[in-house]
A.B. asks: 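Starting off with a structure, shown below.
What you see is a predicted model, and the numbers here were worked out from it, not measured in a lab. Order of the sequence lines fixes the chain letters, A, B, ..., with proteins taken first and strands second; residue numbering starts at 1 for each chain.
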Amino acid sequence: MAQTQLKNKTHTEVEDGSSLKGTLASVFFVGIFIVLTWVGVYFLYLDRF
Amino acid sequence: MLSQKVDRRDGKLAMAHFYVAFIALAIGGLAGLLQVLVRSGKFELPAGIGYYQVLTVHGVVLGLVLTTFFIMGFQLAATSKTSGTLTSKQRTIGWIGFWTMTIGTALAATMILLNEATVLYTFYAPLQAHALYYIGLTLVIVGSWLDGAAIIMKYTEWRKANPGQPSPLMTFMSLVNTLMWMVATIGVASTVLIQLLPWSLGLVETVNVGVSRTLFWYFGHPLVYFWLLPAYMAWYVVIPKVIGAKVFSDSLARMSFILFLLFSIPVGFHHQLLEPGIDPAWKFLQVILTFLVVIPSLMTAFSLFATFESFGRSKGGSGLFGWFKKLPWGDARFTVPFIGMVAFIPAGAGGIVNASHQMNQVVHNTIWVTGHFHLTVATAVVLTFFGVSFWLVPHLTGRKLTKKINKLGLIQGSLWAIGMTFMSGAMHAAGLLGAPRRSAYSEYGGAAQAIEWIPYQIAQAVGGSILFIAIILMLYIFINLAFFAPKGEEEFPVGEVAHEAEKAPMVFENWKLWLGITVLLVLFAYTVPFIDMIQNAPPGAKGFKLW
Amino acid sequence: MHMHKFEKVWLIFGVAALLVFLTVLGVSAFYLGNQPPSCLATIDPEKVDTTAPFNEPGLKKVEGKDWDYELVFVAQAFAYTPGEVEVPLGAKVKVIATTKDVIHGFEVAGTNINMMVEPGYISEHVTVFDKPGEYLILCNEYCGTGHHMMTSKIKVVE
């Protein structure tokens, strides 16, 4: 029991220090921006003759 | 070696490049201001100066001169810093390169000022400029090859002295960009030397327009990556050190540069998507290759965010975005290039649209494209170069970046961001409505559609004027750092790698392999359509001087 | 070479998005025929006025083709012939253009009709004029001092 608790504690600390979840969120923001831009102009293309 | 300063003699060589680059910024910036004012419809050029002459100055002086001189100076300094002082032979070659480029620039500039070369920086035949204009531009290219030769020689020397070791990251990156530049400039050198020069001298009567354009764009797209890669070099290697973090991954940085070498060149058709004489299947093939060159930029985006997040968390930033606040926003060496990175997000998104085959019909040669490359080269790249100047110029001149100049740098970057938001934003919007690029003010016979574009042109003039103020500020900063800042030591920041244990794989240094694949990809993408273009060539075009 | 798990996730997303874009473009281009203008026909730029169909610029009804009309334009510094033309609403039209001198652009503002016109080559684009109105034609490739004065007009009428 004691061992598990200790492990848990170390685990959270390590994850907080080296986590890249903010990076993942940021690049996905970039990715969604790219997709929306592209889809927007594609619909403009479809709408025009 | 890393703690060493760049040798003063190498510093002088780099600084010589920077003087020309910043003179170019002054002239080209003024030309840009005149253009946005003319296009607002509220201002006319005095003394019979033509709009397109000013536009030619703007494109040549900023697109070719500022960029090439700054990049060569930066890469020479970076190579000297990370691989050791240049030998006197290498430095002499560098100086010959510098003077060749400078003489070429002076020749081309003279012809533009005499109104003998109002053909813009793309000089599409059959508009025919004076032969000295073509010779001048050729000398700029040849000079850049000599600068590049000095970098290649230093690299070779380092590898011989350190067998089995991967080269220093900044030297590696400078080398990749130099090699890409050399392979790419063969195209423009060919069309100028084989086609345009004999034609402008009257030795041959006509020119093959399709071939000339294809050779130009074989060069024209890698040109934009030649601008971008030194900025990426600063983002990957310099920025981490500036903020006090580590380089996220040495190997992935090298891999992205190798991908740029491979995929920057066989993609020129995406500038020729709407032109006759090229089979659409070959266009689409190069569209696919263009999309591949997006991937190393996606990798770069991840690396940069990861560097920032790791650093911010080590400073106690928590939660999803807490690290963001921990970044050193008061440091112009970081913040100004950071504005450039942000600009690259819409710039990249717009670039994917431009390259999207038939979708190019919506935006081709509209002012959307001008808005696009004012985000890529004129924000992402140029603000990074400014951010590099803040430390590199005082480092080379033995001076210090003072608090006051740092603050001015922050103001300069913010003004740029505001001005460019107005100008580029309005250009993108007007472009989607159909407003053309490279055109003086016109109401197009009172057409209703053209009237709608005018408010956007006024917004561009407002943005352009703000940008001009930012340029003046930057020139002041440069002059201060070069001549007047207090004497002292300014650091040349070179980031160290996060995982020291992980050595970069030696395969990245195998140039026979990478150059071999580069050539194969070029042959694959170009051979068949190029032969087709020559075999099915129409009668040649005579030269015209319509300005 | 080590790559972070999140970076792999990001690259898979990015590459997948690029593949979707390419697939949409590819199907539209090769299956539905929406290719960018890429006509492979050539012409002697000095004999444009005497070469069909450029000897008679303007709108012409045609029979037995995939399109109902052909709309022929000749570009030269700094004008298009014809300077104005009417097209019936809903007509399927092949727009055909060439130049007698330097490179010009041929853009019908606010539409997908946008092509380079180069000496020695013929440029074509087929489309259905399905929205009424007045459309400005302009030159969007620099061709000399009068570049920004180079215009024409298409009226799509019922």
A.B. asks: Quick one: pull up CG in C:Leu138 and OH in B:Tyr444 and give me the separation to the nearest 0.5 Å.
C.D. replies: 5.0 Å
A.B. asks: For B:Trp453, which atoms come within 4.5 Å of any heavy atom of chain C: side chain, backbone, both, or neither?
C.D. replies: side chain
A.B. asks: Which region of C:Phe78, side chain (C-beta onward) or backbone (N, CA, C, O), has a non-hydrogen atom less than 4.5 Å from a non-hydrogen atom of chain B, or is it both or neither?
C.D. replies: side chain
A.B. asks: Taking heavy atoms only and a threshold strictly under 4.5 Å, list by residue number the residues of residues 45-56 of chain C that touch chain B; give 'none' if the list is empty.
C.D. replies: C:Pro45, C:Glu46
A.B. asks: Is there a side chain to side chain contact (heavy atoms under 4.5 Å, CB included) between B:Phe248 and C:Glu7? Walk through the geometry before answering.
C.D. replies: CA-CA 12 Å; B:Phe248 179 65; C:Glu7 180 159 12; 3.8 Å; yes
A.B. asks: Using a cut-off of under 4.5 Å for heavy-atom pairs, which of B:Glu443, B:Lys542, B:Arg437, B:Gln53 has the most such pairs with chain C?
C.D. replies: B:Lys542
A.B. asks: Please classify the contact of C:Tyr135 with chain B as side chain, backbone, both or neither, using a heavy-atom distance under 4.5 Å.
C.D. replies: both
A.B. asks: Looking only at atom types and distance, does a side-chain atom of B:Asn365 sit under 3.5 Å from a main-chain N or O of C:Asn140, one as donor and one as acceptor?
C.D. replies: yes
A.B. asks: What residue, out of B:Phe305, B:Phe291, B:Trp547, has the most heavy-atom pairs lying under 4.5 Å from chain C?
C.D. replies: B:Phe291
A.B. asks: Is it the side chain or the backbone of B:Ala504 that comes within 4.5 Å of chain C heavy atoms, both, or neither?
C.D. replies: neither
A.B. asks: Can you name the nearest heavy-atom pair linking C:Leu40 to B:Gly277, along with the distance?
C.D. replies: CD2-C, 3.6 Å
A.B. asks: Side chain, backbone, both or neither: which part of B:Glu275 has an atom under 4.5 Å from a heavy atom of chain C?
C.D. replies: both
A.B. asks: Using a cut-off of under 4.5 Å on heavy-atom pairs, state which of B:Leu273, B:Leu127, B:Val362 scores highest against chain C.
C.D. replies: B:Leu127
A.B. asks: Pick one of side chain, backbone, both or neither for B:Lys545, based on which atoms fall under 4.5 Å of a heavy atom in chain C.
C.D. replies: neither
A.B. asks: In terms of heavy-atom contacts, does CD of B:Glu44 have more than 12 from other residues, nucleotides or ligands at under 6.0 Å?
C.D. replies: no
A.B. asks: Output the option from C:Gly14, C:Ala77, C:Cys143 having the highest count of non-hydrogen pairs under 4.5 Å with chain B.
C.D. replies: C:Cys143
A.B. asks: Parallel, tilted or perpendicular: which one describes the rings of C:His148 and B:Tyr52, with boundaries at 30° and 60°?
C.D. replies: tilted
A.B. asks: Quick one: which of B:Arg213, B:Arg438, B:Met255 has the most heavy-atom pairs under 4.5 Å with chain C, could you say?
C.D. replies: B:Arg213
A.B. asks: Could you have a look at B:Gly445, B:Gly50, B:Ser251 and say which one has the most heavy-atom pairs with chain C under 4.5 angstrom?
C.D. replies: B:Ser251
A.B. asks: Taking side chain as everything from C-beta outward and backbone as N, CA, C, O, which of these in B:Ile278 sits under 4.5 Å from a heavy atom of chain C? Side chain, backbone, both or neither.
C.D. replies: backbone
A.B. asks: Mind checking the OG-CG spacing from C:Ser38 to B:Leu274? Nearest 0.5 Å is all I need.
C.D. replies: 8.0 Å
A.B. asks: What part of B:Phe284 is in contact with chain C, defined as an atom under 4.5 angstrom from a non-hydrogen atom: side chain, backbone, both or neither?
C.D. replies: side chain
A.B. asks: Please determine, among B:Pro505, B:Ser356, B:Gly540, the option with the most heavy-atom pairs under 4.5 Å with chain C.
C.D. replies: B:Ser356
A.B. asks: Where on B:Asp279 is there a heavy atom nearer than 4.5 Å to chain C: the side chain, the backbone, both, or neither?
C.D. replies: both
A.B. asks: Counting only non-hydrogen atoms closer than 4.5 Å, does B:Ala440 touch chain C with its backbone (N, CA, C, O), its side chain (CB onward), both, or neither?
C.D. replies: both
A.B. asks: What parts of residues 103-128 of chain C touch chain B if we use heavy atoms and a cut-off under 4.5 Å?
C.D. replies: C:Ile103, C:Glu107, C:Ala109, C:Gly110, C:Thr111, C:Asn112, C:Asn114, C:Met115, C:Met116, C:Glu118, C:Pro119, C:Gly120, C:Tyr121, C:Ile122, C:Ser123, C:His125
A.B. asks: With a 4.5 angstrom heavy-atom cut-off, which part of B:Met299 approaches chain C: side chain, backbone, both or neither?
C.D. replies: both
A.B. asks: Taking every heavy-atom pair that is under 4.5 Å apart, which of C:Asp44, C:Ile43, C:Val102 has the most such pairs with chain B?
C.D. replies: C:Val102
A.B. asks: Could you check whether atom NZ of C:Lys5 has more than 12 heavy atoms from other residues, nucleotides or ligands sitting under 6.0 Å from it?
C.D. replies: no
A.B. asks: Quick one: do the C:His147 and B:Tyr51 side chains pair a donor with an acceptor below 3.5 Å?
C.D. replies: no
A.B. asks: Mind checking the CG-CG spacing from B:Leu546 to C:Asp101? Nearest 0.5 Å is all I need.
C.D. replies: 6.0 Å
A.B. asks: Any chance you could lay out the side chain to side chain contact (heavy atoms under 4.5 Å, CB included) test for C:Glu134 and B:Gln449, step after step, and finish with the verdict?
C.D. replies: CA-CA 9 Å; C:Glu134 267 192 37; B:Gln449 285 174 306; over 6 Å; no
A.B. asks: Is the shortest heavy-atom distance from the side chain of C:Tyr142 to the side chain of B:Tyr124 under 4.5 Å?
C.D. replies: no
A.B. asks: Minimum heavy-atom separation for C:Pro36 and B:Lys283, please, with both atom names.
C.D. replies: CG-CD, 4.4 Å
A.B. asks: Between B:Leu433 and chain C, with a heavy-atom cut-off of 4.5 Å, which part of the residue counts as in contact: side chain, backbone, both or neither?
C.D. replies: backbone
A.B. asks: With heavy-atom distances below 4.5 Å as the criterion, would you say the side chains of B:Leu292 and C:Leu18 are in contact?
C.D. replies: no
A.B. asks: Return the NE2 to OG distance between C:His4 and B:Ser303, rounded to the nearest 0.5 Å.
C.D. replies: 11.5 Å
A.B. asks: B:Ile352 versus chain C, heavy atoms under 4.5 Å apart: side chain, backbone, both or neither?
C.D. replies: side chain
A.B. asks: Taking C:Val24, C:Leu136, C:Thr42 one by one, which has the highest count of heavy-atom pairs under 4.5 Å against chain B?
C.D. replies: C:Leu136
A.B. asks: Do B:Gln361 and C:Pro37 have side chains that get closer than 4.5 Å, going by heavy atoms?
C.D. replies: yes
A.B. asks: Mind listing the closest non-hydrogen atom pair of C:Ala29 and B:Gln358 along with its distance?
C.D. replies: N-NE2, 3.6 Å
A.B. asks: Tell me, side chain or backbone of C:Lys100 under 4.5 Å from chain B's heavy atoms, or both, or neither?
C.D. replies: backbone
A.B. asks: Calculate, to the nearest 0.5 Å, the distance between atoms CD and OG1 belonging to C:Glu141 and B:Thr122 respectively.
C.D. replies: 6.5 Å
A.B. asks: If you measure from CE on B:Met359 to CG on C:Asn34, what distance do you get to the nearest 0.5 Å?
C.D. replies: 12.5 Å
